[in-house]
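Let me begin by presenting the structure, written as C-alpha cells, before commenting on it.
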Amino acid sequence: MVQKETADMLVKKALEARENAYAPYSRFRVGAALLTESGSVYTGCNIENAAYGPSNCAERTAFFKAVSEGERSFLAIAVVGAGETDSGQYAAPCGVCRQVMAEFCRPEEFDVIMANMAGEYCVKTLSELLPDSFGAANLPL
Ligand code: THU
C-alpha cells in the first residue's frame, strides 16, 4: 500500500491536473496522477469531443502519456472527479480505464486512490476493482 505522504502528493497533483480538464459536454471534470516504479509522476485529465466517442478519460490520458514516454512499470494512480455540483463522492475509474491499468501493472500490488474534491480518499488494489481480469496470460501466443 502506498504511504500516506505519497497518496496525499498524488491526490494534490490529480486535483491540479483536473484544472486542465476539457469537459464542455458532461461538465464532469476529472484529474489523475500516476506514479511510476522509478518515482516519476504523470498527470492526466479527461478530454471530451463533440462526437462524444473520441473522448478520453483522465486515467487513460495519464497512462498513455507515460507509456508513450517509455514507462512500463507503475505503482499507483490517484483520481479525482466532480461535476459543477460537488457530490463529495470518491472518483471511481471506469471499466475501460481499469482494463488499461491491468495491462501495465501487477493488479494485486497496484493502488487506486479514489479521491474527492476535499482531498479525502479511499485506496483499493486494482485486483479488488477488476477481479479475474483478462490479460496477456489469457492469450495463446
Ligand atoms: N471520466 C474520466 O475521466 N474518468 C473516469 O474514470 C470516469 C469518467 C470522464 C469521461 C467523461 O469525460 C466524463 O468523465 C463523464 O463521464
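Below, all heavy atoms of this structure are taken into account, side chains as well, without hydrogens, waters or symmetry copies. As the structure lists them, so they are numbered: ligands from 1, and atoms in each ligand from 1.
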Applying ring pair (Phe, Tyr, Trp, His ring centres under 6.0 Å) to Phe104 and Phe110, what does each step give before you reach the verdict? CA-CA 10 Å; Phe104 295 106; Phe110 185 79; over 10 Å; no
Got a sec, which residues hit side chain to side chain donor-acceptor pair (under 3.5 Å) with Lys124, two or more places apart in sequence or on another chain? none
Filter on salt bridge (Lys or Arg N to Asp or Glu O under 4.0 Å), then keep only pairs touching residues 76-98, sequence neighbours left out; what's left? Arg27-Glu84
Identify, chain by chain and in numerical order, each protein residue with a heavy atom under 4.0 Å from an atom of ligand 1. Ser26, Phe28, Val30, Asn46, Glu48, Cys57, Ala58, Glu59, Ala92, Pro93, Cys94
Between Tyr42 and Glu69: side-chain donor-acceptor atoms closer than 3.5 Å: no
Contacts satisfying side-chain hydrogen bond (donor to acceptor under 3.5 Å, both in side chains) that involve residues 127-141 (not counting sequence neighbours) are Thr125-Ser127, Thr125-Glu128
Are Glu16 and Thr43 linked by a side-chain donor-acceptor pair shorter than 3.5 Å? no
